[in-house]
Amino acid sequence: MRDKILELLKQGQPEFVSGEAICQRLGVSRTAVWKHVQSLRSMGYDIEALTNAGYRLRGVPDRLYPEEITWGLKTSFMGRHVHYCERTDSTNRLARELAARGAPEGTLVVAEEQTGGRGRLGRGWFSPYGKGIWCSLILRPTLSPLDAPPLTMLAAVAVAEALQQAAGLLAGIKWPNDLLAGGRKLCGILTELDAEVERVNHLIVGIGLNVNIAPGEFPPELTNTATSVLAVTGRRASRVKLLQEMLAALEYWYLRWQKEGFSPVLSRWKEHSITLGRPVLVTSHRESYEGWAEDVDESGSLILRLPGGERLKIFSGEVSLRPLPEQ
Ligand code: BT5
């Protein structure tokens, strides 16, 4: 009922919606409407109440509430089920739990804050309250575990496009899936699989995007390596809008990937890439290689050309970009 009242107020915006009209539309008493309005106010919604005029929605809170995410969302399944929490250890951990209990494909788990946000290889992810998009998506593609890397790259493409659409920010993708702006990390993606040898049961795509973190708010160990939409553009961005664009782009590329395979995603990934055609240092399985990032193949592996001309195929690893040689 509360959601329905909110919907009526949104439809009525910027005008007042009379209490009478709400009662009639929803078949509830005036007292009930008033109680729900109070509850919405306690969630941070700014609702004006005026005798004889009714209620008017003046502002929505800066929260990733399911009601906000799904309002005007242009997807058919991605993000249609939202599991919201103010605080959790890790949305990836929670998404895994929900997936094991049968949550449908496209379910989104989102938190205002993560107390134990995870990166790859047991590293941590800084996820302060209300300042970023810390979320995980549950996907259930028919897929062998070996074919999963392209999905992470697909997610990187979707985030890059959402940043462009919703914040006018051009971010570059560093292989395999970091998004960088001005040489600093803006977004990280962590894909986790629940799989048998031959078949993926489900896949969790975790996305951490720094949105409204001011430069001085990063912990000392990240001040020189991390950035946010606010730090790059000088403006606070709407997290809801960014997330909606991200979900729309994810659905678009996910469906294309299912119909046409990895090729179209890969070409778009290459357009956003800042890794290819330059010298890099790659660390993979405790070995380091200096070379030229030549290409990414159809499996998502990085093709590195070593100084002796030999080509090395890297399945997973860490890339540091090296300066381009002087012309
Ligand atoms: C990643 O790992 O980049 C994947 C990060 C995925 C985070 C999301 S948030 C929602 C979901 N739930 C989770 O628990 N995780 C996912 P990796 O490439 O290993 O990078 C981790 C490294 O990035 C850390 O060791 C730090 O150096 C750095 N780092 C940590 N927090 C950062 C931040 N907010 N912004 C930029 N860099 C950060």
Side-chain angles (χ1 to χ4, degrees), residues 64 69 79 82-99 107-139 149 151-153 155-156 158-160 162-163 169 171-193 202-232 239 242-243 246-247 250 275 281-285 302 314 316-321:
L64 297 173
I69 295 168
V82 184
H83 188 100
Y84 170 86
C85 31
E86 290 245 332
R87 202 167 276 108
T88 185
D89 52 350
S90 152
T91 55
N92 263 36
R93 205 263 318 137
L94 186 53
R96 261 186 121 115
E97 204 177 292
L98 296 172
T107 297
L108 174 75
V109 180
V110 66
E112 300 291 351
E113 178 182 0
Q114 292 185 121
T115 51
R118 303 201 299 238
R120 294 178 298 157
L121 307 169
R123 291 184 284 231
W125 186 258
F126 173 62
S127 325
Y129 191 95
K131 307 238 160 147
I133 296 175
W134 327 123
C135 71
S136 304
L137 276 155
I138 298 172
L139 298 176
L151 270 173
T152 314
M153 295 170 77
V159 179
L163 282 164
L169 194 160
I173 308 177
K174 182 164 79 79
W175 185 87
N177 49 45
D178 283 353
L179 273 97
L180 267 57
R184 292 162 184 242
K185 188 153 163 172
L186 185 64
C187 171
I189 301 173
L190 174 69
T191 304
E192 295 180 294
L193 294 182
H202 60 253
L203 207 129
I204 309 292
V205 180
I207 300 173
L209 174 63
N210 302 327
V211 184
N212 293 323
I213 307 180
E217 289 172 338
F218 284 105
E221 67 276 16
L222 296 179
T223 38
N224 294 322
T225 55
T227 192
S228 68
V229 176
L230 170 64
V232 177
R239 291 183 303 147
L242 263 167
L243 182 51
M246 210 153 103
L247 292 166
L250 269 165
T275 312
L281 170 76
V282 183
T283 310
S284 174
H285 304 295
L302 179 68
I314 314 270
S316 67
E318 208 72 50
V319 166
S320 313
L321 303 176

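We count ligands from 1, going down the list as the structure has it; atoms in each ligand are counted the same way.
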Which protein non-hydrogen atom lies closest to atom 36 (C) of ligand 1, naming both residue and atom, and how far is it?
Ala226 CB, 3.4 Å

At a 4.0 Å threshold, what atoms of ligand 1 neighbour a non-hydrogen atom of Arg123?
17 (P), 18 (O), 19 (O), 25 (O)

Atom indices of ligand 1 within 4.0 angstrom of Ser90 heavy atoms, with elements:
12 (N), 13 (C), 14 (O)

List the closest protein heavy-atom neighbour of atom 5 (C) of ligand 1: residue, atom name, distance to the nearest 0.1 Å.
Trp125 CE3, 3.5 Å

Report yes if some heavy atom in the side chain of Leu94 is under 4.5 Å from a heavy atom in the side chain of Ser136; otherwise report no.
no

Protein contact to atom 9 (S) of ligand 1 [nearest heavy atom, distance to 0.1 Å]:
Gln114 NE2, 3.3 Å

Atom 2 (O) of ligand 1 has as its nearest protein heavy atom Arg120 N, 3.1 Å

Protein heavy-atom partner closest to atom 21 (C) of ligand 1 - residue, atom, separation in Å
Gly124 O, 3.9 Å

Do the rings of Trp134 and Trp125 sit parallel, tilted or perpendicular, given the 30° and 60° boundaries?
perpendicular

Indicate yes or no: does Glu318 engage Arg123 in a salt bridge with an N to O separation below 4.0 Å.
yes

Closest non-hydrogen protein atom to atom 15 (N) of ligand 1, residue and atom name please, with distance?
Arg118 O, 2.8 Å

Going by the order shown, which atoms of ligand 1 are within less than 4.0 Å of some heavy atom of Leu222?
26 (C), 27 (O), 28 (C), 29 (N), 30 (C), 31 (N), 32 (C), 38 (C)

Criterion side chain to side chain contact (heavy atoms under 4.5 Å, CB included) on Ile69 and Tyr84, from CA distance to verdict:
CA-CA 10 Å; Ile69 295 168; Tyr84 170 86; 5.9 Å; no

How far is atom 31 (N) of ligand 1 from its nearest protein heavy atom, and which residue and atom is that?
Phe126 N, 2.9 Å

Should Leu163 and Leu242 count as side-chain neighbours, where that means a heavy-atom distance under 4.5 Å?
yes

May I ask you to test the Val205-Ile189 pair for a side-chain heavy-atom distance under 4.5 Å?
yes

Please determine which of Glu112, Glu113, Gln114, Glu86 meets the side-chain hydrogen bond (donor to acceptor under 3.5 Å, both in side chains) test together with Tyr129.
Glu86

Here the gap from His202 atom NE2 to Thr107 atom OG1, rounded to the nearest 0.5 Å, amounts to 11.0 Å

Atom 1 (C) of ligand 1: closest protein heavy atom, distance to 0.1 Å, is Lys185 NZ, 3.7 Å

Using a strict 4.0 Å cut-off to heavy atoms of Asn210, name the atoms of ligand 1 that fall inside it.
33 (C), 34 (N), 35 (N), 36 (C)

Would you mind running through ligand 1 and noting each atom that sits below 4.0 Å from a heavy atom of Cys135?
10 (C), 11 (C)

Are the side chains of Met246 and Cys187 in touch, meaning some heavy atoms are under 4.5 Å apart?
no

Within-shell test, Leu121 vs ligand 1, heavy atom, strictly < 4.0 Å
no

How about Leu209 and Leu243: do any of their side-chain heavy atoms sit closer than 4.5 Å?
no

So the atoms of ligand 1 within less than 4.0 Å of a heavy atom of Thr91 turn out to be 10 (C), 11 (C), 12 (N)

Atoms of ligand 1, numbered as shown, that sit under 4.0 Å from any heavy atom of Gly117:
14 (O)

For ligand 1, is Ser127 a contact, meaning one of its heavy atoms is under 4.0 Å away?
no

Atom indices of ligand 1 within 4.0 angstrom of Ile189 heavy atoms, with elements:
3 (O), 4 (C)

With respect to Leu186, which candidate in Val159, Leu169, Leu180 satisfies the side chain to side chain contact (heavy atoms under 4.5 Å, CB included) definition?
Leu169

